[in-house]
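Atoms considered below: every heavy atom in the structure, side chains included; atoms not considered: hydrogens, waters and symmetry mates. Only a predicted model underlies this, so the values are computations on that prediction, with no experimental measurement involved. Residue numbers begin at 1 in each chain, while the letters A, B, ... track the order of the sequences.
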Amino acid sequence: MSYQSFLDGDPAIVTAALTGGIHGKEANPNLPETPEEIGEAAAACREAGASVVHVHAREDDGERSFSTERFQEIDDEIRARAPDLVIQHSTGATGAPDEKRLQPLRTDPAPEMASLDMGPVNRYHHLTSENTRATVDTLYDEMAEREIKPELELFNGGQVTETYQLLERRDLADPVHATLIFGSGSLTRPTPENFLALIHDLPEGATFNTLGFGPHQLPFATMGLLFGGHVRVGLEDNVYYRRGELAQSNAQLVERVVSVAETLGRPVATPDEARDVLNLG
Amino acid sequence: MACPYLEYRDADEAHSFDTERAYCTAVDAFVQPMRADICNDRYDLHHETDCEFYREAEGL
């Protein structure tokens, strides 16, 4: 993907990351946590132009849930309100065993997509989300068995190398779909130079999502749109609309990035166009 | 065993919730849901080794 894809008017897929697994309503009371809240948020994002929703599950007290049943409840709420959305489940976790991380893949029907964290990320002061190669392979194998498209989450440039190594170990369907993540800590430093280097270093034919944490969400989404990529926005990655002003909803963040795409002349993909681009089903 | 600084509350001076949530009395704040896994020693997580709030409060 490249600037030529932008000039060609290829549709841009907007993914809404609704909830996440790290912060909750203590950071922004508008962040959806219950299945009903997540369903309503998904429908509002669909209305605003998103075609994919990235889903994490929470317990009633906001804490993380990995249970198949909780993901099923959420999917049911989403499908009741926005039946054509592409649902992407998270398999991310810190400290939880692989068996827990496999649970979100076992809903009926399976999600069309699931995230696959491609390597370690430091958390807080003493923790690391390890994401060993063995874990990556275990999660990938169940995705392949259940015909779930993996969304490779690349927290930094070293995980582009991990992507090439995964392609040597496993036969991923085309296109490889990678999310490039920019921010602080273990993430790729958010500079335009790093963005350009990474998009040109991806495997041939790969599609990419651009994900900037916090204040980098909008500028990196804009770069993604200009360079033929796709974008991910939402309260999982950024709880603010602008400095000092909490976002009112996930849909507000989707509306803004759709407005940028429209201003630039880049069409926004419908869910069915997203399925074509990502070769789903 | 859960962290001794962990409580479940539904409000503080700045927040009010429908359901009680994890609150750290070492830093006097509601904690992120992911951190609550550490507070509760879930999976392979342990507050004594993994939480900087606990360690600082205990002088470790």
Side-chain angles (χ1 to χ4, degrees), chain A residues 18-38 56-67 70 90-103 117 121-132 135 185 213-214 235-237 239 246, chain B:
Chain A
L18 304 171
T19 302
I22 299 178
H23 53 264
K25 288 184 187 294
E26 79 293 341
N28 184 329
N30 301 315
L31 186 144
E33 292 181 340
T34 68
E36 185 176 6
E37 288 174 345
I38 294 171
H56 289 249
R58 302 293 186 89
E59 304 291 351
D60 290 342
D61 61 5
E63 295 179 15
R64 297 188 302 172
S65 171
F66 302 100
S67 86
R70 196 65 165 179
S90 172
T91 64
T94 300
D98 291 356
E99 185 54 34
K100 289 280 184 191
R101 299 175 66 167
L102 289 165
Q103 297 300 312
D117 295 350
V121 188
N122 285 337
R123 308 278 191 192
Y124 307 134
H125 197 66
H126 295 278
L127 275 187
T128 299
S129 301
E130 293 184 341
N131 302 314
T132 65
T135 293
F213 270 102
L235 294 174
E236 171 173 351
D237 308 324
V239 297
L246 290 173
Chain B
M1 191 178 72
C3 176
Y5 294 102
L6 172 66
E7 291 183 1
Y8 278 82
R9 299 184 182 180
D10 62 10
D12 67 3
E13 290 180 359
H15 304 84
S16 178
F17 304 108
D18 294 337
T19 307
E20 290 187 334
R21 302 172 72 99
Y23 185 93
C24 175
T25 60
V27 295
D28 285 327
F30 284 100
V31 298
Q32 293 184 332
M34 189 171 86
R35 189 181 283 277
D37 285 342
I38 307 172
C39 308
N40 284 287
D41 289 354
R42 295 192 183 114
Y43 318 123
D44 289 329
L45 303 172
H46 300 285
H47 64 274
E48 292 182 5
T49 52
D50 297 330
C51 180
E52 63 270 29
F53 299 159
Y54 173 87
R55 294 180 64 81
E56 185 171 339
E58 293 290 311
L60 299 175

With a 4.0 Å cut-off, would you call A:E26 and B:R35 a salt bridge?
no
Between CG of A:L127 and NE2 of B:H46, what distance do you get to the nearest 0.5 Å?
11.0 Å
B:D12, CG: over 12 other non-hydrogen atoms inside 6.0 angstrom:
yes
Quick check on B:E58: does its CD atom have over 12 non-hydrogen neighbours (other residues, nucleotides or ligands) under 6.0 Å away?
yes
At a 4.5 Å cut-off on heavy atoms, which part of B:A22 comes close to chain A: side chain, backbone, both, or neither?
both
Heavy-atom distance under 4.5 Å to chain A: side chain of B:D10, backbone, both or neither?
neither
Relative to chain A, which segment of B:E52 carries a heavy atom at a distance below 4.5 Å: side chain, backbone, both, or neither?
both
Taking every heavy atom of B:R21 against every heavy atom of A:K25, the minimum-distance pair comes out as NH2-N, 3.4 Å
Shortest non-hydrogen pair, A:H126 vs B:D50, comes out as CB-O, 3.6 Å
So CD of A:E63 and CZ of B:R42: to nearest 0.5 Å the spacing works out to 4.5 Å
Which heavy atom in A:T94 sits nearest to a heavy atom in B:L45, and how many Å separate them?
O-CD1, 3.9 Å
Counting heavy-atom pairs under 4.5 Å to chain B, which of A:E59, A:E33, A:K100, A:R123 comes out on top?
A:E33
Do you know which two heavy atoms are closest between A:I22 and B:P33, and how far apart they sit?
O-CD, 3.0 Å
Correct closest heavy-atom pair for A:P97 and B:Y43 would be CD-CD2, 3.9 Å
Region of A:A27 that comes under 4.5 Å of a non-hydrogen atom in chain B
neither
By a 4.5 Å heavy-atom criterion (distance strictly below it), what part of B:D37 contacts chain A: side chain, backbone, both, or neither?
side chain
Could you tell me whether B:E7 atom CD has more than 12 heavy atoms of other residues or ligands within 6.0 Å of it?
yes
